[in-house]
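For reference, the structure discussed in these notes is given below.
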Amino acid sequence: MLIDFSRFKGRKLKLRNADPQLGAVEPDLMEFRVDGRAKHDPFTLPAKLSTSYVRLQHGTTLPEDHDHVWVALLLNAEGHPEMWDLQEVEADPGGPGIVQLQDPNGGLKTFRLNGRLFDDTTGIFIDHDRWAVWNLVHVANGGPAHPIHIHLTEFQALFRRSFTTTFDQATERTTTPIAGFTDIPLEKYEEGWKDTIIVRPGQWVSVAGQFGGGTGEFMFHCHILDHEDEGMMRPFVVHPPEVAKFHVHPGGGHHHDAARSAGREW
């Protein structure tokens with residue numbers, strides 16, 4: 001982002017959050033103190049800011065062979081914001097910690113809670129340099145929006161969809177499969193490369209990024225400091241190729257087999 005401050009020499013400007021939900025939590029984001037001295041600025045804005053930018057498209061700039069990650073955002077039984085990473089299972093085992101979604105293309109997807117606290121079992125494993133689509137589903141009935149930040153990658157938003165949640169806060173599960181998704185057009189500012197994306201209650205946001213540049217354990221979390229410090233932070237692992245071919249993921253079987261089986265698009 002480029003901002004021209006030339007009209008505000010010697011002034012202080014405050015960047016504030018105008019979002020009705022997020023702004024109520026952290027209204028003041030940043031203060032700019034503009035130098036009042038006269039300076040010669042040699043910078044000239046180019047006619048086109050980037051010649052390399054492309055929008056991700058399935059099968060071309062986003063390869064068909066990629067991983068899928070599922071994360072639920074919610075309010076727990078005590079009304080506290082939480083973030084679960086999810087593991088797909090074949091059938092509803094009953095009890096708490098279950099999220100079911102009706103596939104817009106037909107069929108049913110059932111997920112169970114894999115981890116809700118920072119030190120819970122790690123369940124997200126991605127091979128170095130592979131692409132992954134992260135599905136962020138805010139199933140809470142109300143509560144705050146969450147700016148979700150994923151380490152190690154820059155990503156693009158693929159879509160934003162709204163729905164009426166069936167998640168029951170008291171029993172910590174969906175009572176019936178969530179269905180009736182409606183596409184919400186992305187804003188122009190959401191189409192570029194990001195490292196953080198806002199997910200509001202009753203929304204499913206899908207983002208895609210490539211996980212190169214490093215291996216090891218990394219984090220994803222809510223970027224509201226209070227939420228992050230109170231538990232909305234979870235680890236994921238990026239494996240080097242030498243480790244990935246031997247790794248058995250938590251759902252059983254080798255990692256690549258599971259990734260490819262989950263690779264169909266919605």
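One-based numbering along the sequence shown.
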Mind checking whether Phe5 and Phe32 have parallel, tilted or perpendicular rings, split at 30° and 60°?
-> tilted
All heavy atoms of Leu108 vs all of Gln102, minimum pair found to be CD1-OE1, 4.0 Å
Linked, directly or transitively: Trp70 and Leu62 (ILVMFWY side chains, under 4.5 Å) | yes
May I ask you to test the Val54-Thr60 pair for a side-chain heavy-atom distance under 4.5 Å?
-> no
Which atom pair, heavy atoms only, marks the closest approach of Leu56 to Gln156?
-> N-OE1, 3.0 Å
Path from Phe218 to Ile126 over hydrophobic side-chain contacts below 4.5 Å | yes
Give a yes or no on whether the backbone of Asn76 and the side-chain of Gln169 come within a donor-acceptor separation of less than 3.5 Å.
-> yes
His221/His227 under side chain to side chain donor-acceptor pair (under 3.5 Å): CA gap, chis, key distance, verdict | CA-CA 9 Å; His221 57 89; His227 295 175; over 6 Å; no
From Lys12 atom NZ to Glu31 atom CD, the distance as rounded to the nearest 0.5 Å = 5.5 Å
When you look at Phe220 and Trp134, which way does the ring-ring contact (aromatic ring centres under 6.0 Å, His included) test go after all the steps?
-> CA-CA 11 Å; Phe220 66 100; Trp134 288 59; 5.1 Å; yes
Nearest heavy-atom contact between Thr153 and Asp195 is O-CB, 4.2 Å
Between Phe167 and Asn141, is a side chain to side chain contact (heavy atoms under 4.5 Å, CB included) present by the stated rule, with each step listed?
-> CA-CA 7 Å; Phe167 187 83; Asn141 185 10; over 6 Å; no
Honestly curious: do Val89 and Leu86 fall in one hydrophobic cluster under the side-chain, below-4.5 Å linking rule?
-> no
State whether the side chain of Gln210 and the backbone N or O of Asp129 hold a donor-acceptor pair below 3.5 Å, judged by distance alone.
-> yes
Just how far is it from atom NE2 of His80 to atom CD of Glu82, taken to the nearest 0.5 Å?
-> 6.5 Å
Thr171 backbone acceptor or donor facing Asp168 side chain under 3.5 Å = yes
Measuring from Thr122:OG1 to Arg234:CZ, what's the distance to the nearest 0.5 Å?
-> 6.0 Å
Would a 4.5 Å heavy-atom cut-off, applied to side chains only, mark Pro27 and Arg16 as touching?
-> yes
Quick check: does any side chain N or O of Arg116 sit under 3.5 Å from a backbone N or O of Gly97, one acting as donor and the other as acceptor?
-> no
How about Ile224 and Met232: do any of their side-chain heavy atoms sit closer than 4.5 Å?
-> no
Separation between CG (Asn135) and NE2 (His68), nearest 0.5 Å, reads 6.0 Å
Using distance only, find each side-chain donor-acceptor pair of residues 175-189 under 3.5 Å and give its atom names and separation, not counting sequence neighbours.
residue, atom, partner, partner atom, Å
Thr175, OG1, Thr166, O, 3.2
Asp183, OD1, Arg161, NE, 2.9
Lys188, NZ, Glu191, OE1, 3.2

Scanning both residues in full, the closest heavy-atom pair of Pro201 with Gly142 reads CG-O, 3.6 Å
Reported CG-to-CG distance for the pair Asp120 and Asp85, which is rounded to 0.5 angstrom | 8.5 Å
Within-4.5 Å side-chain heavy-atom neighbours: Ile198 and Pro147 | yes
Residues that Gln100 engages under side chain to side chain donor-acceptor pair (under 3.5 Å), provided they are two or more places apart = Thr110
Trp84 and Leu113: which non-hydrogen atoms are nearest, and at how many Å?
-> CG-CD1, 3.3 Å
Glu217 and Met219: CA distance, side-chain angles, deciding distance, side chain to side chain contact (heavy atoms under 4.5 Å, CB included) verdict | CA-CA 7 Å; Glu217 187 173 77; Met219 305 299 142; 3.9 Å; yes
Let me see the working for Met83 and His146 under side chain to side chain contact (heavy atoms under 4.5 Å, CB included), right down to the final yes or no.
-> CA-CA 10 Å; Met83 179 174 65; His146 296 292; over 6 Å; no
Identify the two heavy atoms, one from Ala208 and one from Leu158, that lie closest to each other, and give their separation to 0.1 Å.
-> CB-CD1, 3.9 Å
Would you say the side chain of Ser206 lies within less than 4.5 Å of the side chain of Leu136, judging by non-hydrogen atoms?
-> no
NE2/His66 to CZ/Arg130 distance, rounded to the nearest 0.5 angstrom?
-> 8.5 Å
With hydrophobic residues grouped by side-chain heavy-atom distances under 4.5 Å, do Val243 and Val237 end up in a single group?
-> no
Is there a path from Leu73 to Phe155 through hydrophobic residues (I, L, V, M, F, W, Y) whose side chains come within less than 4.5 Å of each other?
-> yes
Residue pair Glu190, Ile197: steps toward the side chain to side chain contact (heavy atoms under 4.5 Å, CB included) verdict | CA-CA 8 Å; Glu190 294 182 304; Ile197 192 78; 4.2 Å; yes
Taking the side chain from His138 and the backbone from Pro144, do they hold a donor-acceptor pair closer than 3.5 Å?
-> yes
Any donor-acceptor pair under 3.5 Å from Thr61 side chain to Arg55 backbone = yes
